[in-house]
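Values below: all heavy atoms of this structure, side chains included; hydrogens, waters and symmetry mates excluded. Order of the sequence lines sets the chain letters (A, B, ...), proteins ahead of strands, with each chain counted from 1.
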There are 2 protein chains.
Amino acid sequence: MSSDASPVRPARKARVTITDVARSAGVSVATVSKVINDRDGVALGTAERVKAVVSELGYESSLVASSLRRGRSGVLGVLLAEFEPFSTELLKGISARLSGSDYDLMAYTGALGPHPQDQAGWERRSLSSLAGTLIDGAIIVTPTVELPDTTIPVVAVDPHAGPSGPAAIDSDNLGGARAATEYLLSLGHRRIAHLRGRADLQSALLREQGYREALTAAGIPERPELIADGGYRSSPAAESARKLLTLPQPPTAIFAANDLSAIATIDVAQSLGLRVPEDLSVVGFDNVPEAVGTAPPLTTVAQPLREIGQEAVRMLLDLLAGHSLAQPHLHLPAQLVVRGTTARPADIVARA
Amino acid sequence: MSSDASPVRPARKARVTITDVARSAGVSVATVSKVINDRDGVALGTAERVKAVVSELGYESSLVASSLRRGRSGVLGVLLAEFEPFSTELLKGISARLSGSDYDLMAYTGALGPHPQDQAGWERRSLSSLAGTLIDGAIIVTPTVELPDTTIPVVAVDPHAGPSGPAAIDSDNLGGARAATEYLLSLGHRRIAHLRGRADLQSALLREQGYREALTAAGIPERPELIADGGYRSSPAAESARKLLTLPQPPTAIFAANDLSAIATIDVAQSLGLRVPEDLSVVGFDNVPEAVGTAPPLTTVAQPLREIGQEAVRMLLDLLAGHSLAQPHLHLPAQLVVRGTTARPADIVARA
DNA sequence: GTGAAAGCGCTAACAC
DNA sequence: GTGTTAGCGCTTTCAC
């Protein structure tokens with residue numbers, strides 16, 4: 001409206017407060033508060049007048065101030081170390097499940113500095129600083145077991161959790177990894193490599209364990225040279241994949257700990273003149289469903305991250321409603337999705 | 001520690017407040033506050049004692065209370081209608097750029113009810129209710145032009161913005177769409193269909209416009225039957241793709257408004273017995289880079305969403321520092337990435 | 001060096 | 001119906 005406000009640096013009007021509205025409407029702040037919150041005990045005319053002023057001034061009550069006073073905010077928080085594919089996928093499920101509910105959703109991530117000590121305990125710090133005043137409940141995405149006793153209900157996703165501890169939910173990493181490896185075995189592969197995930201994450205350890213168990217059960221001796229670190233990230237995974245594929249006796253199949261590693265592996269294979277799946281079978285745990293929607297379809301272990309998000313919300317809402325959880329620790333199945341283009345070693349050998 | 005706390009419903013201890021710490025340390029709250037915020041004017045011994053109590057009680061100051069009092073929170077907000085691939089991709093860039101900075105990051109989304117009126121104006125409402133008390137600056141992802149004058153600096157991503165209005169940033173949707181269509185034309189395609197995005201989003205309109213402009217420039221008359229609604233979503237896109245591909249004279253190429261539509265198109269094509277790219281060329285605007293990492297590579301128009309996020313943060317930090325922006329309205333190039341598997345119509349005809 | 005007191009914006013008792 | 005008051009947890013003068 002004001003024509004002299006620069007579009008680039010708009011005039012920073014002071015915040016419109018409830019006091020401004022009260023003064024402008026000629027009533028007390030208490031009355032304004034009542035109108036805003038649809039409390040009764042206000043004359044119709046007064047209410048109208050207040051509402052008019054509210055919309056004229058563009059007033060909106062401060063979430064911070066009202067939740068500080070009320071003791072509840074109507075906001076649920078998701079605490080993340082970082083926004084990356086895993087957590088954002090989870091957020092999609094959480095967001096979907098929560099839309100239409102009475103709760104707003106907030107995803108919070110601390111400014112993790114370069115120092116490791118900033119990293120350590122971020123869950124505890126964030127949770128404590130937000131709990132009770134800004135968020136009414138939290139979903140916390142973390143490998144850390146030790147969560148502080150909190151004012152508010154908490155559900156942990158993917159924690160290093162034993163049977164005790166907070167309510168928790170994760171994928172069946174062990175079973176999924178076993179299924180992936182067994183599938184490759186069933187095709188006849190015997191030299192199956194594994195591209196590990198991040199050593200500090202439970203999911204990575206379980207995936208490696210599943211891989212080992214499946215091999216052992218099939219009577220195949222472990223070959224340390226066929227296990228390499230991918231760190232759940234593209235470039236370390238690519239480097240390790242290159243090492244694996246240039247071994248004197250390279251694997252005929254690779255089980256990658258996540259989708260980024262699997263994609264990196266495929267890229268490297270192609271750059272080495274190998275075709276996938278004709279010359280190399282790749283199966284990876286999958287975080288991002290979109291990543292495997294393209295043709296030709298890849299066989300993957302699909303993690304139901306969105307469902308995990310939705311379940312986490314369900315548990316949290318249950319806790320908020322004062323219920324106790326029938327199943328405080330959930331493992332959702334990580335399903336092997338065979339999409340029909342995984343080569344058998346016979347094919348590979350025949351071609352070689 | 002307490003052994004009788006149920007793991008499922010932990011005892012909800014009351015929040016530890018600064019008052020608790022003060023009482024326990026035998027000092028005033030003012031002193032505790034000084035210690036916490038590293039203010040001087042506190043005796044060394046006192047400070048030690050307070051710190052001990054703080055860690056003993058696991059005290060963490062309430063973000064809400066302190067920011068209410070201070071008038072700044074050290075938190076930047078990203079306001080989203082929803083967590084979906086576009087916005088989460090953006091978040092990855094924002095998060096990356098902000099990590100290591102002094103600001104924490106909060107992504108906020110209101111509980112959008114089923115009613116359209118809940119939807120309308122959520123930006124204004126959220127922004128007003130958070131600005132100044134909870135967040136010091138905002139990146140707002142929205143098609144809405146009208147943003148309220150705010151207390152805090154705001155950068156808009158993907159708005160229906162003219163040259164005025166708040167600082168804004170988006171992809172070069174027009175140029176990208178033109179490039180995609182010109183590419184298909186250069187391969188010899190003449191029957192090129194377009195799967196539109198959401199009519200309420202500027203990006204969708206610009207992509208359609210780019211498509212039209214390219215056709216017109218090539219002297220190809222518009223064929224309304226070759227333009228269908230995809231809505232940026234899988235199922236409507238699939239439906240429209242089916243209609244296009246079962247036309248008496250189906251297109252030899254489809255330009256899809258986003259990656260979900262492109263993937264849906266490929267799925268439908270395959271279900272109709274068509275191979276992509278052998279029997280149909282598909283090029284789509286792409287939100288999620290991972291979605292096209294798999295083999296065989298697809299040709300896409302890559303949107304630099306993470307870079308957009310990073311740029312948005314840069315602009316916001318500039319504004320927060322009191323600078324004015326040299327470039328208040330940025331269009332980052334949306335680049336055509338040819339990955340070598342887009343069929344020419346000659347190939348398709350030869351095969352038919 | 002330390003604490004009492006005011007107040008950030010708001011809501012909930014309780015007077016009037 | 002309406003306003004006055006107290007106080008949520010915290011930081012900041014400003015006395016002592």
Seminar exercise, completed: Taken to the nearest whole Å, CZ/B/R39 to C1'/D/dT12 is 9 Å
Exercise. Roughly, in whole Å, what's the span from CG in B/L134 to P in C/dC8?
Worked result: 19 Å
Exercise. With a 4.0 Å cut-off on heavy atoms, is B/V64 in touch with a base, just the backbone sugar-phosphate, or nothing at all?
Worked result: nothing
Problem set entry | side-chain contact (heavy atoms from CB on, under 4.5 Å) between A/D158 and A/Q202, worked out | CA-CA 7 Å; A/D158 238 28; A/Q202 180 78 341; over 6 Å; no
Exercise. Should A/T19 be listed as having a side-chain N or O under 4.0 Å from OP1 or OP2 of C/dG9?
Worked result: no
Exercise. Run the side-chain contact (heavy atoms from CB on, under 4.5 Å) check on B/R15 and B/S62 step by step: do they pass?
Worked result: CA-CA 9 Å; B/R15 182 174 225 292; B/S62 158; 3.7 Å; yes
For this session: List the steps, then state whether salt bridge (Lys or Arg N to Asp or Glu O under 4.0 Å) holds for B/K92 with A/E84.
Result: CA-CA 6 Å; B/K92 288 170 199 163; A/E84 29 66 40; over 6 Å; no
For this session: Round to the nearest Å and state the distance from A/L57 atom CG to C/dG9 atom C1'.
Result: 15 Å
For this session: Would you classify B/A43 as touching base, sugar-phosphate or nothing, given that sugar-phosphate means primed atoms plus P, OP1 and OP2, and contacts are heavy atoms under 4.0 Å?
Result: sugar-phosphate
For this session: Return the value, rounded to whole Å, for the distance between atom CG of A/L130 and atom C1' of D/dC10.
Result: 15 Å
For this session: Determine yes or no for a side-chain-to-main-chain donor-acceptor pair under 3.5 angstrom, with A/S67 supplying the side chain and A/T133 the backbone.
Result: yes
For this session: Would you classify B/S33 as touching base, sugar-phosphate or nothing, given that sugar-phosphate means primed atoms plus P, OP1 and OP2, and contacts are heavy atoms under 4.0 Å?
Result: base
Problem set entry | Rounded distance (Å) that lies between atom P of C/dG9 and atom CG of A/L63 | 15 Å
Seminar exercise, completed: Rounded to whole Å, the CZ-C1' distance (B/R69 to D/dT11) equals 5 Å
For this session: May I ask you to evaluate whether B/S66 reaches the phosphate of D/dC10, defined as a side-chain N or O under 4.0 Å from OP1 or OP2?
Result: no
For this session: In whole angstrom, give the distance that lies between atom CG of B/D40 and atom P of D/dT13.
Result: 13 Å
For this session: Give a yes/no on whether any side-chain N or O of B/S62 is located under 4.0 angstrom from OP1 or OP2 of D/dG9.
Result: no
Exercise. Atom CD1 of B/I18 to atom C1' of C/dT2: distance rounded to whole Å?
Worked result: 14 Å
Exercise. Do B/Y108 and A/D104 pass the side-chain contact (heavy atoms from CB on, under 4.5 Å) test, and can you show the C-alpha distance, the side-chain angles, and the key distance before you say yes or no?
Worked result: CA-CA 8 Å; B/Y108 192 88; A/D104 285 355; 2.5 Å; yes
For this session: With heavy atoms under 4.0 Å as the rule, sort A/T46 into base, sugar-phosphate or nothing.
Result: sugar-phosphate
For this session: Would you mind telling me which residue lines up with the more 5' stretch of DNA chain C, B/L68 or A/I36, judged by nearest nucleotide?
Result: B/L68
Problem set entry | Residue B/V42, side-chain heavy atoms: nucleotide from C/dG3, C/dT2, D/dG3 that is nearest | C/dT2
Exercise. Under 4.0 Å between a side-chain N or O of A/T31 and OP1 or OP2 of D/dG3?
Worked result: yes
